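Structure record follows, encoded as structure tokens.
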Amino acid sequence: MNAVTPATLYLVTAILLILIGLAGVLVRRNILKMVLGFALADTGINLLIATLGSNPERTAPILDKPELLANPSLVVDPIPQALVLTAIVIGLGVTALMLAYVIRLYALRQSLDIRDFGRLKW
Amino acid sequence: MKRAFPFLFVTVVMWLLWLVLAGNLDPQEMLAGAVVAVLVAALRSSGPCLLGGPEVLHPRRILYALAYIPYMIWAIVLANLDVAGRVLRPRLKINPGIVKVRTNLHSQVGRMILANSITLTPGTLSVDIVGDDMYIHWIDVESRDAEAATRKIAAGFEKYLEVIFG
Amino acid sequence: MKQILSVVLLLAMGWFLVGLVPLGQPTEPGRVAQHYIDNGIDENRGANLVTSVIVNYRGFDTLGEVTVLFLSVAGAGFVLRRRDGLVRHEHRPSSEILQTGARMLFAPIVVFGAYIFVHGHLSPGGGFQGGAVIASAVMLLLLADRSHHLPHGLMHWLESMAGFGYVMAGVAGLVVAGSFLSNQGVLPLGTWNRLFSAGIIPIIYILVGLKVGTELSSLLDVMIDTGRPARQEGGRS
Amino acid sequence: MTDLMRLVGASLTFLGSAFLFLGALGIFRMPDIYNRMQAGTKATTLGNILTLTGLGLLAPAWLPKIMLIVLFVLITNPLSSHALARAAHRSGVTLARETIYDALREDEEAAGIGPGSPVEIDAAAGSSEVTP
């Protein structure tokens, strides 16, 4: 690691996002903020995967120009991007379900504090 | 014709929008765009009922609509110079208040464009509309009287919008 | 105590992640990816290789993904269906200006969403993104005018038919070319970089776009229509 | 030709960002939400338009789509600030000390409803019926 490349910056940002999100899940007591933490960590993981498949010498895997069609090795690996696309959709579904439960929990106790939901704690 | 006009109008506008997005005139794009435009225009929610009849395409109205664009751009530039002047002055020079303005536009789109224009022009922000009364936040109130405020704030735009939206 | 513990845990995890990730080294495509890059155009004619991977090479996964999204929306709808402890929002119409604007913007936003999912095989974008854009148009309409009712019958029909069509496209590949979701010989592949190309890929992405759009719209409808708690007091927030 | 267009495009982009900065400064300096929104809305609209137009001149292939975005911003930006201002007034956000007059509050009080009341002003006054 000699110089700071954009890819390094993306990786550091991604790791920070994951850690901030997990910190939100662990430290916060408000359930809504915990859900936000999950979403943040999700974004960080997506950024991490997308960056792992990047390469500053190559371009996006869309062969829409004749020169790219003639020389397809100018594009990056499409698989991480496809994975991230799937992960975003799954993350959306998970977040939607979590938010639905948040609404139900709030209706149950009129509170979003995780300490009010300690029944299953050992 | 009178019933079919809004549908046709929305279809044509959406088709043009599709062609601008696609950025070329490939016949395949034109076909796909036409299909999508017809389907979208057929949705009940897509608001063809906001339009009147074919009279909205009267040449006089189109001419006024074209003249409205530079008038509006000039007003936006003036508004920004006004904001810049107020913000950069060491002491804030404001005299704000909410005044009432009367509009005699009846078209819903016309009223929306009037409210948007008022928001984008120097020192005014539309806060609420109740019936024909618009409540405008004015950063430098010159008159509390509804008549005078209407003349000062809305009359310039209404002159155009009354012709454009009838 | 717990706070300190979690901070220590996070620091350890960050250290682990930094060690795990090859910082600053550009990656070359692996063997599978190289195959996709070299043969993707010949096999699918879709200019966007990511779309080729999602809808064709890993099309089965995408079918599962669509199912997951459907299940999560259905689950959210099920959880929010019971209304005990909730009362409906009192009806507060928003400003006339806002309603007019929302209705004016609805059609262009839907056209934009359709543009995105129809061009999924040519440019960045696709069914999921286009569907989300369409759902945003519906959200605008619902937020501006609470009394607006979505055509639930039409939406359910569209949603089921889109899912059914996806499976049918896969079965067509099974019948014609001998493997589920195969793109060979089902539809003509067409010319590279034109709209009508890439065989069944655009068809599937259009179906996915419709399905995602209707699913997310009904999710928003359920969430907006849930209401607020019957009692306001009580509980730490 | 291209050099001139690059120069004009870059200057427009710079001017646009200057207006965006002034808008941010206005939000910082103005005393209450309505005045802040005044500065914010106007400056972000023109700032966005100038920045986008400059970009369009730098990359002429994008110009049609950029014009679409400009149109979209012109409709949505004032609409959203209208919605925010209305919501603020409805929920009873106080106006700045310098404010000299509030016609909306007067009319609401004349109709017998306070700020934040769930009752609609037009329903109480029985005047306007929005017909689609």
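Everything numeric in this text was worked out from a predicted model, so none of it was measured. Chain letters run A, B, ... following the sequence lines, proteins first, then strands; residues in each count from 1.
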Selection from B/Ala115, B/Ala22, B/Ala32, B/Gly33 maximising heavy-atom pairs under 4.5 Å formed with chain C
B/Ala22
Taken in chain and number order and not counting sequence neighbours, the residues that satisfy salt bridge (Lys or Arg N to Asp or Glu O under 4.0 Å) with C/Glu159 are C/Lys211
OH (B/Tyr68) with more than 12 external heavy atoms under 6.0 Å:
yes
Return the orientation label for the B/Trp18 and C/Tyr115 ring planes: parallel under 30°, perpendicular over 60°, tilted otherwise.
perpendicular
So, for B/Met112 and C/Thr100, which heavy atoms are closest and what is the spacing to 0.1 Å?
SD-C, 4.0 Å
Report the C-alpha separation of B/Gln108 and C/Arg103 in whole Å, then their side-chain angles, then the decisive distance to 0.1 Å, and conclude whether the side-chain contact (heavy atoms from CB on, under 4.5 Å) test is met.
CA-CA 11 Å; B/Gln108 287 191 350; C/Arg103 282 166 59 186; 4.3 Å; yes
Would B/Met134 and C/Ile97 count as a side-chain contact (heavy atoms from CB on, under 4.5 Å) if you check the C-alpha gap in whole Å, the side-chain angles of each, and the deciding distance to 0.1 Å?
CA-CA 10 Å; B/Met134 278 186 167; C/Ile97 308 276; 4.1 Å; yes
Within a radius of less than 6.0 Å around CZ of C/Arg58, do more than 12 heavy atoms belonging to other residues, nucleotides or ligands occur?
no
Given a strict heavy-atom distance threshold of 4.5 Å, which part of B/Leu39 is in contact with chain C: side chain, backbone, both, or neither?
neither
Selection from C/Ser95, C/Pro108, C/Gly101 maximising heavy-atom pairs under 4.5 Å formed with chain B:
C/Pro108
Under 4.5 Å from any heavy atom of chain B, what part of C/Val118 do you find: side chain, backbone, both or neither?
side chain
Taking atom CE of C/Met104 and atom CD1 of B/Ile113, what is their separation to the nearest 0.5 Å?
5.5 Å
Ordered numerically, the heavy-atom neighbours of chain B under 4.5 Å found in residues 162-172 of chain C are none
Max heavy-atom pair count under 4.5 Å with chain C, selected residue of B/Val36, B/Leu21, B/Leu17:
B/Leu21
